[in-house]
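These notes are about the structure you will find just below.
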Amino acid sequence: MRSLLFVPGDSEKKLENGVSSGADALIVDLEDSVAADRKPAARDIARAFLQSAKRGAQKLLVRVNALDTGLTDDDLDAIVPGRPDAIMLPKAAGGVSVTHLHAKLDAREALAGLPDSEIAIVALATETAASLFTTGTYAGSSSRLAALTWGAEDLSAELGAEANRDESGRFLDPYRLARALCLAGAAAAGVPAIDTVYVDFRNDAGLRRECEEARRDGFTAKMAIHPAQVAVINEVFTPSPDAIAHARSIVAAFEAQPGAGVVGIGGKMYDRPHLMRANILLGRVKS
Ligand code: COA
Ligand code: MG
């Protein structure tokens, strides 16, 4: 999965546009992009969309409201029967939040007659100040945990910040910390890390730079807020032929010297961490 496009759950039009956007996944949103008085309508529209959508390569996620809002149960009651591929949990406060959501899903899958643990969980791990201190607690929280991602908008509101990016569009220190904690938390939990949204949706050059920096640092996907962002994200997060060839050469060099801890290729040293990185990249090419 390279691109995940947010679509407000109360907009049938945008849901329809999302299907043809080329995004690897849609995140049908019941949370921040839906006004309080539209939540019931959004649940109905989201469920109908899930039930009528032709299920193919495009994954369908639903972002529910946070566990402390009192809205999560109604969200899940409405949408679990529509068999979403995953639930995105906003304002997650570490592994305990994921375990909590896991239990809620267990009950509803049983009631809806769905296979156990079919629905995955993607957690938004850095949206509150307190959650920054729990990003290392996701390992073992749930077999459903499929990825971690991070958010800067709610966090900047909670920190009382005037801005979260500098004049050149780069994230400021508190958000770079959140981003790094998401990356480390995901790696520690053995799941992929998904980069946050780029809100300046008419700025393709800025989006491309942010995608490239995310890929460089270890993110394997990025969320989008507008269909126009999908092509750039897909392009940057598709491993290039050069990167694939290089990874294959590392794997081949280690296979040619079983038992070797370190090999030389083209005058450079490669050891076990390089082999691990190469295998991760090749795993993404297969999936
Ligand atoms: N998903 C699907 N379709 C979308 C879309 C999205 N996220 N954002 C825009 N579109 C569609 C519009 O429906 C429109 O379709 P049309 O040409 O068939 O009428 C087309 O793309 C062009 O839209 P545009 O005029 O460029 O954007 P806008 O000003 O109408 O909308 C936003 C701007 C930001 C409100 C909109 O992109 C959006 O709702 N994004 C998602 C917000 C969200 O979910 N946020 C929560 C997570 S941070
Ligand atoms: Mg939010």
Side-chain angles (χ1 to χ4, degrees), residues 2-36 38-39 41-43 45-46 48-50 52-54 58-69 71-72 75 79 84 86-93 97 122-132 147-161 163-165 169 171 174-175 178-179 182 194-204 206-207 210-211 214 221-234:
R2 303 158 299 175
S3 54
L4 301 90
L5 174 63
F6 269 112
V7 189
D10 62 343
S11 171
E12 280 158 325
K13 180 77 194 299
K14 286 180 186 166
L15 287 166
E16 195 185 305
N17 285 336
V19 171
S20 52
S21 65
D24 293 339
L26 301 183
I27 308 166
V28 180
D29 190 24
L30 301 179
E31 200 217 9
D32 285 347
S33 71
V34 178
R38 292 281 294 161
K39 302 277 185 197
R43 288 183 191 119
I45 293 169
F49 172 73
L50 289 167
S52 66
K54 257 212 315 231
Q58 190 177 59
K59 299 283 180 220
L60 300 178
L61 286 68
V62 177
R63 182 167 74 169
V64 295
N65 289 280
L67 292 172
D68 63 359
T69 59
L71 300 172
T72 325
D75 290 344
I79 56 149
I87 302 296
M88 178 172 278
L89 181 65
K91 282 117 191 159
S97 301
V122 174
L124 262 158
T126 69
E127 289 192 298
T128 66
S131 70
L132 295 182
L148 287 192
T149 183
W150 71 286
E153 306 307 323
D154 291 275
L155 180 60
S156 59
E158 199 176 305
L159 294 180
N164 54 27
R165 294 173 181 267
F171 277 117
Y175 315 96
R179 175 181 181 275
C182 170
I194 301 169
D195 197 25
T196 195
V197 297
Y198 187 72
V199 293
D200 189 3
F201 61 83
R202 306 264 186 243
N203 180 354
D204 274 359
L207 173 67
E210 194 159 284
C211 289
K222 188 171 179 68
M223 300 188 291
I225 51 160
H226 192 285
Q229 297 184 314
V230 169
V232 172
I233 295 176
N234 283 350

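In this text the structure is predicted, and so the values were computed from the model without any measurement. Atoms within each ligand, like the ligands themselves, are counted from 1 in listed order.
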Per-atom contacts of ligand 1 with K13, taking only distances under 4.0 Å to non-hydrogen atoms: 16 (P), 18 (O), 19 (O)

Between A228, S33, S20, flag the one that comes closest to atom 45 (N) of ligand 1 by a heavy atom. S33

Counting heavy atoms only, which of R63, E153, K14 is nearest atom 36 (C) of ligand 1? K14

Under-4.0 Å protein heavy-atom contact, atom 20 (C) of ligand 1: no

Taking N or O atoms only and a 3.5 Å limit, does L15 qualify as a polar contact for ligand 1? no

For ligand 1, find out whether one of its N or O atoms is nearer than 3.5 Å to an N or O atom of L5. no

Quick one: does R202 get within less than 4.0 Å of ligand 1, heavy atoms only? yes

Measuring from atom 14 (C) of ligand 1, which candidate in D29, V7, N17 has the nearest non-hydrogen atom? N17

Is any heavy atom of the protein nearer than 4.0 Å to atom 8 (N) of ligand 1? yes

Below 2.8 Å of the Mg ion (ligand 2), tally up the protein N/O/S atoms for me. 2

Return the OG1 to CG distance between T69 and D75, rounded to the nearest 0.5 Å. 7.0 Å

Name the residue from H226, K14, M88 that meets the side-chain contact (heavy atoms from CB on, under 4.5 Å) definition with F6. M88

Within the 4.0 Å heavy-atom shell around H226, which atoms of ligand 1 are there? 8 (N), 9 (C), 22 (C), 23 (O), 24 (P), 26 (O), 27 (O), 37 (O)

If you look only at pairs with a residue in residues 17-32, which of them pass as a salt bridge (Lys or Arg N to Asp or Glu O under 4.0 Å), with sequence neighbours excluded? R2-D24, D29-R63, E31-R63, E31-K91, D32-K91

At a non-hydrogen distance cut-off of under 4.0 Å, which region of M223 contacts ligand 1 (side chain, backbone, both, or neither)? neither

Suppose I only count heavy atoms of P8 and a 4.0 Å limit; which atoms of ligand 1 are within that range? 39 (O), 41 (C), 44 (O)

Counting only heavy atoms not in E158 (residues, nucleotides, ligands), do more than 12 fall under 6.0 Å from its CD? yes

